[in-house]
Student: 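Before we start, here is the structure in question, set down as structure tokens.
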Amino acid sequence: MNKSVFLGALTVAGLAAGAAAAATLDDIKARGNLNCGVNTGLVGFAAPDANGNWQGFDVAVCRAVAAAVLGDPQAVEFTPLTGKTRFTALASGEVDMLSRNTTWTLTRDVDLKNTFVGVNYYDGQGFIVPKELGVTSAKELAGATVCIQTGTTTELNLAEFFRVNNMDYEPVPIETNAEAQQQYLAGACDTYTTDASGLAATRASFENPGDHVILPEIISKEPLGPLVRHGDEEWSDIVRWTLNALIAAEELGVTSANVAEMASEPTNNPEINRMLGTEGNLGEMLGLDADWAVNAISAGGNYGELFEKHIGENTPIGLARGLNAQWTDGGLLYAPPFR
């Protein structure tokens with residue numbers, strides 16, 4: 001191939017890739033709403049309220065992205081997805097993104113061709129048991145029947161934990177958290193295992209939460225976060241930096257209460273100014289309006305506000321920040337610089 005033909009082919013390939021990269025954002029703008037895949041029902045993270053409005057920590061990420069892109073946190077269509085159906089729905093284009101307590105793994109990233117844009121909850125797998133069983137450690141679960149959601153990382157983690165500890169168990173496969181709760185309370189399984197945050201959310205919904213104990217062992221690393229399809233870098237950048245804006249806003253002291261005032265004129269902090277669009281052109285780089293981050297933070301608040309509202313220690317879920325504290329407070333939350 002001569003040089004001119006080769007360069008021409010590269011140009012055509014580059015234009016095609018560019019067109020594909022813009023597709024998701026263009027589709028959302030044309031449609032007027034974001035399609036977001038969420039849990040089928042996990043109180044505190046994603047569940048419809050009495051009026052059918054979706055609420056929760058993962059739901060709030062969807063709303064922040066919709067606000068950043070469309071200027072309206074209500075412009076979201078929520079699609080409840082099981083552990084089995086979530087990746088197919090994303091790959092097929094049924095949803096634009098997943099915000100569904102999904103663990104970032106190499107296989108899901110590379111083989112399933114997903115792009116994880118960050119972590120919004122650092123978690124680990126645990127076990128819940130009825131207090132009356134008298135079990136105080138997961139290593140006392142030899143021979144137990146275990147409710148386990150199919151299509152999740154918890155299946156492999158469970159098998160590996162029992163194998164390493166030379167124990168047998170009988171899996172009771174279930175599809176959704178609601179089914180797991182029903183089966184567990186009915187005594188169909190001795191224990192239910194999933195992410196510890198999910199166990200806390202599930203226990204909070206019980207009629208008598210105090211009758212159930214979450215065992216102390218955490219048997220895995222479960223970095224949970226939003227994800228999009230491979231091959232659309234413009235869209236993955238938007239979702240990634242919206243999550244980063246929520247995290248950085250907490251660190252920088254930008255809240256839902258003061259963001260409008262801070263955005264009205266430049267502050268004495270250049271990074272805040274760049275993030276909120278009063279300096280520089282970060283919004284333009286993302287293909288969004290200058291106030292994209294203002295809208296995202298205004299939607300429900302910064303990361304800390306969302307955590308405390310939906311799953312924090314003063315909610316029925318009752319989760320401490322732990323690993324999900326800012327890096328300045330000994331946690332793992334760390335947003336790259338807005339510059």
Side-chain angles (χ1 to χ4, degrees), residues 39-47 57-58 81-87 100-105 107-108 119 121-206 208-225 311 316-320 322-324:
N39 201 296
T40 52
L42 186 62
V43 175
F45 285 88
F57 189 61
D58 283 339
L81 299 167
T82 68
K84 273 186 167 182
T85 61
R86 56 185 158 174
F87 299 118
R100 193 207 169 281
N101 53 299
T102 298
T103 303
W104 188 349
T105 70
T107 303
R108 290 172 171 181
V119 177
Y121 193 92
Y122 290 93
D123 210 346
Q125 184 173 334
F127 297 85
I128 189 171
V129 295
K131 185 179 286 185
E132 64 182 17
L133 283 186
V135 173
T136 59
S137 167
K139 293 182 179 179
E140 299 172 13
L141 292 174
T145 51
V146 185
C147 280
I148 178 81
Q149 285 191 56
T150 54
T152 64
T153 56
T154 53
E155 284 185 291
L156 283 175
N157 295 336
L158 177 67
E160 290 174 3
F161 175 76
F162 274 78
R163 178 181 173 184
V164 166
N165 288 284
N166 296 311
M167 300 189 301
D168 294 324
Y169 70 99
E170 182 182 340
V172 179
I174 45 91
E175 291 283 337
T176 66
N177 191 68
E179 183 185 352
Q181 178 177 323
Q182 182 181 22
Q183 294 280 59
Y184 169 78
L185 290 176
C189 49
D190 300 313
T191 181
Y192 172 38
T193 183
T194 189
D195 301 332
S197 64
L199 294 178
T202 299
R203 181 172 65 174
S205 68
F206 290 170
N208 298 300
D211 291 346
H212 304 270
V213 178
I214 297 174
L215 299 177
E217 287 87 357
I218 297 296
I219 68 169
S220 68
K221 292 186 296 185
E222 307 293 330
L224 310 178
I311 57 177
I317 315 302
L319 295 172
L323 294 177
N324 297 291

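The chain is numbered in sequence order, starting from 1. The shown structure was predicted, so the numbers you read here are calculated from the model rather than taken from an experiment.
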Student: State the CG-OG1 distance between Asn39 and Thr82, to the nearest 0.5 angstrom.
Tutor: 9.5 Å
Student: Quick one about Thr103 and Glu222 (side-chain donor to acceptor, distance below 3.5 Å, no hydrogens or angles considered), yes or no?
Tutor: yes
Student: Using only atom types and a distance under 3.5 Å, with no angle test, would you say the side chain of Arg86 pairs donor to acceptor with the backbone of Gly151?
Tutor: yes
Student: On the 0 to 90° scale, with breaks at 30° and 60°, tag the Tyr121-Phe45 ring pair as parallel, tilted or perpendicular.
Tutor: perpendicular
Student: Heavy atoms only: give me the nearest Pro209-Ala204 pair and the separation to one decimal.
Tutor: CG-O, 4.4 Å
Student: Could you grab the distance from atom CG of Leu81 to atom CZ of Arg100, nearest 0.5 Å is fine?
Tutor: 7.0 Å
Student: Is a donor on one side and an acceptor on the other found under 3.5 Å between the side chain of Glu217 and the backbone of Ala138?
Tutor: yes
Student: State which residues pass ring-ring contact (aromatic ring centres under 6.0 Å, His included) with Phe127; sequence neighbours excluded, sorted by chain then number.
Tutor: Phe161
Student: As a quick check of understanding, evaluate side chain to side chain contact (heavy atoms under 4.5 Å, CB included) for Phe206 and Leu185, giving each step before the final call.
Tutor: CA-CA 9 Å; Phe206 290 170; Leu185 290 176; 3.9 Å; yes
Student: Taking it one step at a time, do Tyr184 and His212 satisfy side chain to side chain contact (heavy atoms under 4.5 Å, CB included)?
Tutor: CA-CA 11 Å; Tyr184 169 78; His212 304 270; 2.9 Å; yes
Student: Just checking, any donor-acceptor pair under 3.5 angstrom between side chains of Ser205 and Gln181?
Tutor: yes
Student: Between the side chains of Thr154 and Thr152, is a donor N or O closer than 3.5 angstrom to an acceptor N or O?
Tutor: yes
Student: Assess whether atom CD of Gln182 is packed by more than 12 heavy atoms of other residues, nucleotides or ligands within 6.0 Å.
Tutor: no
Student: Start with the C-alpha distance between Leu215 and Val135, add both sets of side-chain angles, then the distance that settles side chain to side chain contact (heavy atoms under 4.5 Å, CB included), and finish with yes or no.
Tutor: CA-CA 8 Å; Leu215 299 177; Val135 173; 4.0 Å; yes
Student: Would you check, one step at a time, whether the test side chain to side chain contact (heavy atoms under 4.5 Å, CB included) holds for Ile148 with Ile174?
Tutor: CA-CA 6 Å; Ile148 178 81; Ile174 45 91; 5.8 Å; no
Student: Taking side chain as C-beta onward, heavy atoms only, is Leu199 less than 4.5 Å from Thr194?
Tutor: yes
Student: Quick one: pull up OG1 in Thr153 and CZ in Arg108 and give me the separation to the nearest 0.5 Å.
Tutor: 5.0 Å
Student: So, do Asn101 and Asp58 sit near enough that their side-chain heavy atoms are less than 4.5 Å apart?
Tutor: yes
Student: Are any non-hydrogen side-chain atoms of Asp195 and Leu224 less than 4.5 angstrom apart?
Tutor: yes
Student: What are the two closest non-hydrogen atoms of Thr202 and Tyr192, and how far apart are they?
Tutor: OG1-CE2, 4.3 Å
Student: State, yes or no, whether a side-chain contact exists between Ser197 and Leu319 at a heavy-atom distance under 4.5 Å.
Tutor: yes
Student: Measuring from atom CG of Leu156 to atom OG of Ser220, what distance do you get when rounded to the nearest 0.5 angstrom?
Tutor: 11.0 Å
Student: Measure the spacing between CG of Asn165 and NZ of Lys139 and express it to the nearest 0.5 Å.
Tutor: 5.0 Å
Student: If you compare all heavy atoms of Leu42 against all heavy atoms of Ala201, which two are closest, and at what distance to 0.1 Å?
Tutor: CD1-CB, 3.9 Å
Student: Indicate yes or no: at least one non-hydrogen side-chain atom of Tyr169 is less than 4.5 angstrom from one of Arg163.
Tutor: no
Student: Is any side-chain heavy atom of Thr150 closer than 4.5 Å to a side-chain heavy atom of Glu175?
Tutor: yes
Student: Please examine the side chains of Ile317 and Val43, heavy atoms only from C-beta on, and report whether any two atoms are closer than 4.5 Å.
Tutor: yes
Student: So, Thr176 and Gln149: side-chain donor and acceptor under 3.5 Å apart, yes or no?
Tutor: no
Student: Looking at side-chain heavy atoms only, is the closest gap between Leu158 and Val146 below 4.5 Å?
Tutor: yes
Student: I need the minimum non-hydrogen distance between Ala180 and Cys147, along with the two atoms involved.
Tutor: O-SG, 4.4 Å
Student: Quick one: OG1 on Thr193 to CD1 on Ile128, what's the gap to the nearest 0.5 Å?
Tutor: 10.5 Å
